[in-house]
Amino acid sequence: MSAARAMRAVVLESHGGPEVLVVRAVPAPTPGPDEIRVAVRATAVNRADVLQRMGLYPDPFPGPHEIPGLEYAGVVESCGSRVRAWRPGDEVMGIVSGGAYAEMLCVHERQAMRVPRGVALGDAGALPEVFVTAWDALVVQGGLTSGRWALVHAGGSGVGTAAIQLCRAIGARVIVTCSADKRGACLALGAHAAVDHRAEDFAEVVRRETGGAGADVVLDVVGGDYAARNVACLATRGTIVQVGVMRGDGPVPLGALMRARGRIVGTVLRPRPVEEKVAISRRFEAEVVPLFESGALRPVIDRRYRLEDVADAHRRMEANENVGKIAIDVR
């Protein structure tokens, strides 16, 4: 097992605006018996990173330093004594509760996934968080299958662009909401319809496009006043999967939900225990990674930044200018 040494990392020593994101040297983590240490090549910005930076969403499993970052891709640098799945030099990717804005991180060997053949290591760092989130919400928890309808909010976001591709890949039809300037990108990725959320009522569009049947699964990262309209969009026995509340909580019309015999599922990835993250990672590698290798899915990279420029990457996300992921090249 390799001895610890210094590494560069973005360490939060205070909370606030993007200016608190500073790169400094800290000791590299040491892998436990069942862990691998990964030399991180790339990561990406997620909305949770912005909230953590502001002091609103702390890492549920904190380490000695508060280092943001929920996903990574890199090369196995060393292995714990009980590791059997990986060897130094293997290319891996995955989700973590934090710590990916750093040159090295440690993770349980079964939580790491192989990088799909044909996907560059730098792009793979922007893949796990949004594709696992979208697939887990739509397919695993929402039950979306071929021939059914999905409604996905924030279609131009990282989760949105992943969700559109996943729907297309499994033969489902998807309607998205987005800003007017992102409609073309969403349609090009395979959305059946893209609704300008500032100018159109998405509930009316869903009813029209589905012939009155409604959406079988709604994937919502917005919350707030979308809650009631999501229920109005539901097909009979449909499911709303809530993965974010950018607009806060919202009133839910329970009578309408009952008449639709619908359900609302709340879900987050970050606080799940390692056993659940291992399970979802293993299933994702088996069922979804091959879709990248066949060309059915691909990471959508909006812009790349160096680790030293992570504050600018956060500013871009907060401006909602991105279509797809904002990648960070760590090395």
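This one's a predicted model, so the numbers in the text were calculated from it and none came from an experiment.
Atom CZ of R282 sits in a crowded spot, with more than 12 heavy atoms from other residues, nucleotides or ligands closer than 6.0 Å. Annotation for R110: atom CZ does not count as buried by contact number, only 12 or fewer foreign heavy atoms lying within 6.0 Å.
Between F202 and N230, some side-chain heavy-atom pair lies under the 4.5 Å cut-off. Contact of the V76 side chain with the R87 side chain is not registered, since no non-hydrogen atoms from C-beta on lie closer than 4.5 Å. For the pair V11 and V22, the minimum side-chain heavy-atom distance is 4.5 Å or more. Q141 has its side chain out of reach of T239: every pair of non-hydrogen atoms, C-beta onward, lies at least 4.5 Å apart. Two residues are said to be in side-chain contact when any heavy atoms from C-beta on lie closer than 4.5 Å; R47 and V159 fail this criterion. Taking 4.5 Å as the limit, some side-chain heavy atom of V140 sits within range of a side-chain heavy atom of R283. Contact annotation: the side chain of V218 approaches that of H153 to within less than 4.5 Å [non-hydrogen atoms, C-beta and beyond]. Within the 4.5 Å cutoff, no side-chain heavy atoms of L138 are placed close to those of V241.
Checking side-chain atoms of E318 against main-chain N and O of V50 turns up no donor-acceptor pair under 3.5 Å. Panel note: side chain E293, backbone R117; a donor-acceptor pair is recorded below 3.5 Å. W86 contributes no side-chain N or O that, together with a main-chain N or O of C79, makes up a donor-acceptor pair within less than 3.5 Å. Under a 3.5 Å cut-off, the side chain of E77 and the backbone N or O of A39 do not form any donor-acceptor pair. Proximity of a side-chain donor or acceptor of D220 to a complementary backbone N or O of G223 within less than 3.5 Å is detected. Formation of a donor-acceptor pair under 3.5 Å by the R82 side chain with backbone atoms of G32 is not found in this model. Side-chain atoms of R198 never come within 3.5 Å of backbone atoms of S179 as a donor-acceptor pair (strictly under, hydrogens ignored). R84 places no side-chain N or O within 3.5 Å of a backbone atom of E109 that could act as its donor or acceptor partner. Judged by distance alone, with hydrogens and angles left aside, the side-chain atoms of E285 form a donor-acceptor pair with the main-chain N or O of R114 at under 3.5 Å. At distances below 3.5 Å, at least one donor-acceptor pair connects side-chain atoms of D201 with backbone N or O atoms of A203.
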For salt bridge (Lys or Arg N to Asp or Glu O under 4.0 Å), just list the numbers for E13 and R24, CA-CA rounded to whole Å, side-chain angles, deciding distance to a tenth of an Å, and then say yes or no. CA-CA 11 Å; E13 297 179 333; R24 71 178 183 87; 2.6 Å; yes
V92 vs Y72, test: side-chain contact (heavy atoms from CB on, under 4.5 Å). Steps then yes/no. CA-CA 8 Å; V92 294; Y72 69 91; 4.1 Å; yes
Carefully, step by step, assess L70 and I95 under the rule side-chain contact (heavy atoms from CB on, under 4.5 Å). CA-CA 6 Å; L70 303 182; I95 53 173; over 6 Å; no
Show, in sequence, the C-alpha distance, side-chain angles and deciding distance for V195 and V206, and conclude whether the side-chain contact (heavy atoms from CB on, under 4.5 Å) test is met. CA-CA 9 Å; V195 183; V206 169; over 6 Å; no
Kindly indicate, with the supporting measurements, whether the criterion side-chain contact (heavy atoms from CB on, under 4.5 Å) is fulfilled by L166 and V288. CA-CA 9 Å; L166 284 162; V288 185; 4.2 Å; yes
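For the pair C167 and A150, the tightest heavy-atom approach, listed with the atom from each and the gap, is SG-CB, 3.9 Å. The minimum heavy-atom distance linking K182 with N322 is given by the pair NZ-O, 2.8 Å. Closest of all the heavy-atom pairs between G160 and V152 is CA-CG1, 4.1 Å. Heavy-atom minimum distance, R298 versus F131: O-CZ, 3.5 Å. Closest approach of V217 to A137, counting heavy atoms only: CG1-O, 4.5 Å. Closest heavy-atom contact between R148 and D216: CB-OD2, 3.2 Å.
Note on ring orientation: taking the six-membered ring where Trp is involved, the planes of F284 and F292 are tilted (angle from 30° to 60°). Aromatic ring orientation, W149 versus H192: perpendicular (interplanar angle above 60°, classes split at 30° and 60°).
Between T267 and R272, the side chains place a donor N or O and an acceptor N or O closer than 3.5 Å (distance only, hydrogens not considered).
Figure legend: R270 and Y57 shown as a cation-pi pair, the cationic atom lying under 6.0 angstrom from the six-membered ring centre and within 45 degrees of its axis.
Within the model, atoms CG of D302 and CZ of R316 stand 4.0 Å from one another, a figure rounded to the nearest 0.5 Å. The structure places CD of E103 at 4.5 Å from CZ of R331, a figure rounded to the nearest 0.5 Å. The structure places CG of L12 at 9.0 Å from CZ of R53, a figure rounded to the nearest 0.5 Å. Interatomic distance, CD of Q111 versus CG of D34, reported as 12.0 Å (0.5 Å rounding). Summarising the geometry, atom CG belonging to L254 is positioned 10.5 Å from atom CZ belonging to R259; distances are rounded to the nearest 0.5 Å. Separation of atoms CG (L297) and CD1 (I164) is listed at 12.0 Å; rounding is to 0.5 Å.
Y101 is connected to L51 through a chain of hydrophobic side-chain contacts under 4.5 Å among Ile, Leu, Val, Met, Phe, Trp and Tyr, so both are in one cluster. Using a 4.5 Å cut-off between side-chain heavy atoms of Ile, Leu, Val, Met, Phe, Trp and Tyr, with links allowed through other members, L307 and V20 fall into the same hydrophobic cluster. Clustering ILVMFWY residues whenever any of their side-chain heavy atoms sit less than 4.5 angstrom apart, transitively, puts L151 in the very cluster that holds M246. In this structure, I264 is not a member of the same hydrophobic cluster as V245, with clusters built from ILVMFWY side-chain heavy atoms closer than 4.5 Å. Hydrophobic clustering (side-chain heavy atoms under 4.5 Å, transitive across Ile, Leu, Val, Met, Phe, Trp, Tyr) groups L291 together with V174.
A salt bridge does not link D196 with R183: none of the charged nitrogens is closer than 4.0 Å to a carboxylate oxygen. Salt-bridge formation is detected for the pair R304/D123: a Lys NZ or Arg NE/NH1/NH2 atom is positioned less than 4.0 Å from an Asp or Glu carboxylate oxygen. Ion pairing between R315 and D312 holds under the 4.0 Å rule for side-chain N and carboxylate O. Remark: R41 engages D329 in a salt bridge, criterion side-chain N to carboxylate O under 4.0 Å.
Under the 6.0 Å cut-off for aromatic ring centres, H197 and Y226 do not qualify, their centroids lying 6.0 Å or more apart.
Applying the salt bridge (Lys or Arg N to Asp or Glu O under 4.0 Å) test to R207 and every residue at least two apart in sequence or in another chain returns nothing.
The residue from T43, V38, L127, L121 that alone fulfils the side chain to side chain contact (heavy atoms under 4.5 Å, CB included) condition with M93 is L127.
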